[in-house]
Structure formats: structure tokens, C-alpha cells
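Report on the structure given below.
Counting convention: from 1, in listed order, for ligands and their atoms alike. What's counted below: heavy atoms across the whole structure, side chains too, no hydrogens, waters or symmetry copies.
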Amino acid sequence: MANPHESALHYPLGDALPAPGTTIEVAPGVRWLRMALPFALDHINLWLLRDRQDGIEGWTIVDCGIDDDTTRARWEHIFAHELQGLPVLRVIVTHMHPDHIGLAHWLTERWSTAERECRLWISGTDWNAGRMASQSTTGFGGDSAARFFARHGLIDPEALARVRARSNYYARLVPKVPGRFRRLMDGMVLTAGSAASLHRWRCIAGHGHAPEHIALHCAELGVLISGDMVLPRISTNVSVIDIEPEADPLPLYLRSIAALRSLPATTLVLPSHGKPFTGLHERIDQLQAHHDERLAEVLAACSERPRSAADLLAVLFKRKLDLHQTTFAMGEAIAHLHALQGAGRLTAVAGVDGVLRWRTIN
Ligand SMILES: [Zn+2]
């Protein structure tokens with residue numbers, strides 16, 4: 001959902017955007033590039049860190065883009081013109097969503113040599129989830145997803161048929177996840193930089209958006225690579241999906257972003273979508289308020305009469321949604337319902353039609 005209070009944030013680079021196949025330095029040794037995405041969300045930000053590993057000077061890539069010809073060609077352009085003739089030494093992936101991990105297999109193969117493997121670094125949970133999703137139909141479509149959405153009131157036969165048909169959604173964007181990885185964990189400190197200037201990046205695990213999202217904070221540079229956990233213009237997707245139908249991800253997400261308040265207010269945030277910004281604490285306040293408002297709306301709607309998640313789409317989103325957006329919106333609506341259930345405010349009753357409808361507990 002678009003941020004109505006975006007003016008409280010500051011964009012130190014103004015309207016500057018890296019042109020396709022080029023980069024902009026956003027901090028010493030940290031470069032920003034963008035790749036196009038074929039969704040309503042039309043781009044992803046990726047990052048290059050000047051690095052040195054095993055005595056070799058080069059670069060670390062943070063997040064990859066989806067696997068398509070355009071993205072591969074733009075990477076080749078960057079390799080030819082933006083790396084000062086140096087190799088890519090490793091690929092860090094913040095989380096398993098297709099726009100972040102899609103090309104990890106190609107990038108790591110592209111830069112591995114007989115002497116040295118270019119390794120994928122990622123949380124263990126997201127590596128497993130990505131490997132599984134690239135080889136199956138879980139989570140984003142197919143019969144199981146269609147049944148899950150029907151249970152939550154999405155009964156339009158055409159929409160369900162399209163969800164059922166979309167069984168290769170993830171694998172189409174992520175045909176492969178590397179078979180070997182190095183595990184990132186909360187609190188782990190990575191060192192990146194050139195011989196002249198090394199920087200320490202602390203891994204910060206976050207939950208509620210992906211299984212085990214890793215953001216990276218460098219105190220010396222005052223920079224947070226926030227991934228999808230904190231975005232300036234849109235709220236992070238927090239969804240319940242069919243493979244974990246009773247999940248309660250919203251409290252996990254809110255706790256994760258609250259923990260980022262311990263970072264300095266002046267931190268330059270490098271988000272995966274939108275522009276680099278300062279105003280981390282304001283943005284966390286805005287996101288907390290956003291979800292408090294959505295929870296209040298859901299509670300008010302359910303106190304009038306029992307409502308399914310599908311009934312709540314009009315309450316929560318107030319605009320026309322295409323199928324892709326509808327499936328995300330359903331996941332978000334269910335996340336808010338489950339948070340209220342967890343707080344003891346709502347309970348669900350299955351109707352004779354099999355649809356779950358939620359009512360307030362008095
Ligand atoms: Zn994501």
C-alpha cells in the first residue's frame with residue numbers, strides 16, 4: 001500500500017536513479033543498480049560491495065534479480081563496465097523471493113573458477129525454502145493455494161482456475177537455486193571492502209515477510225541494506241500462504257522492524273524497492289501505525305457481521321486488484337485476521353459453504 005506520509009522521509013540522492021546496466025555509488029565502496037521486474041512493482045534495487053576475499057580483490061553482489069534474458073544482459077553490461085576489471089567473489093541474498101534469488105544460480109556459476117567457487121550466502125531457512133519452491137508448486141499457485149483461498153472466501157471460479165493454473169510461478173522465475181551455500185545467521189558479522197578500507201556488516205534476521213530474511217548493517221558507513229523489511233513507499237507484504245495456513249506472521253514482522261529502532265536515526269537505508277532514504281525511525285513508526293489502522297478496520301468490519309478474508313479485501317484495499325495483487329491481498333488480509341485471533345479478539349467459524357468467517361469475541 002502506498003505511503004501517504006512519504007514526505008517525512010528524506011532522499012539524500014534526490015531523484016537520481018541508476019540507468020539500466022549502470023551503477024551509482026551510495027556510500028564508499030557501495031554501489032546501487034536496478035533491474036526491471038515484470039510486475040506492478042516494476043524494479044528491484046541490487047547492491048555491489050567492493051570486497052576482498054581470500055586475498056583477492058573484487059566485488060560482492062547483494063541480491064540478484066529474476067532469471068530472464070534482459071536481467072542477464074544488464075548484468076553482463078555491469079560486469080564489463082562497472083567492476084573496474086575485478087571479479088565477483090560472492091553473492092549474498094537477503095531472502096528467497098524470486099526477484100532476490102532468481103539469478104543466484106547463474107551469477108555464482110558465472111563467477112566460479114577452477115580455483116575458487118563464487119558462493120551463495122543466505123540464511124539456511126531461505127536456502128531450503130527457495131530450493132523447495134524452485135522444484136515444486138508450493139506457496140504461489142496450484143491446487144493447494146486454490147483450496148486455501150476458497151476456504152478464505154475467494155470463490156470466483158475464474159480466479160480459482162487461474163490460481164490453480166499458476167503452478168509454476170516460482171520455478172519460472174527461479175529455475176534453480178545453487179546446491180551449496182554459506183549460512184547467514186542473526187548477529188553474524190561479515191567483512192567486506194578493499195585492502196585499503198574494510199567494513200564490517202552485521203546480519204540482522206527479520207521475520208514475517210520471508211522465512212528468515214537477512215538485512216545487513218554497517219555501523220562505520222551508517223548504512224542498512226534493508227532488503228524488503230523496510231521500504232519507503234510501500235508497506236512490506238506480510239502474508240499467510242497455503243503451505244503454512246495457521247501462520248501468524250504480522251507480530252513477527254512488527255517485532256522485527258521494532259528491533260531496527262536500535263540503529264541510529266541517521267542511518268542511510270538501502271531498500272530493495274524505491275530510493276535510498278533516511279528517516280528509519282519515522283518509517284518504522286509509519287509502518288506500525290499502518291498495521292494498527294488495518295487491524296482496527298478489520299476488527300470494526302468483523303464486529304458488524306462475520307467476514308471472510310475475501311470480504312475484507314474491499315475494506316483493506318479500496319481499489320481494483322488484478323489476480324496477482326488479489327493473491328497477495330488475500331494473504332495480507334489473513335495475516336491481519338490471524339494477528340487478531342492471536343490477540344484473542346477474533347474467532348473463525350466455518351459456514352455451510354466451507355468458508356471461514358471471522359467474528360469478534362466479546
Ligand atoms: Zn520479498
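Closest to the Zn ion (ligand 1) among the N, O or S atoms of His97 is ND1. Distances from the Zn ion (ligand 1) to the N/O/S atoms of Asp228 are shortest for OD2. In His95, the N, O or S atom that comes nearest to the Zn ion (ligand 1) is NE2.
A donor-acceptor pair under 3.5 Å links the side-chain atoms of Asp63 to the main chain of Thr94, judged by distance alone.
A cation-pi contact, defined as under 6.0 Å to the ring centre and within 45° of the axis, links Arg166 to Tyr169. Taking the ring axis of Trp121 as reference, the NZ or CZ atom of Arg90 stays within 45° of it and closer than 6.0 Å to the ring centre.
Hydrophobic clustering places Trp32 together with Leu49 (ILVMFWY residues linked when any side-chain heavy atoms are closer than 4.5 Å, directly or through intermediates).
For the Zn ion (ligand 1), the set of nearby N, O or S atoms under 2.8 Å includes none belonging to Asp99.
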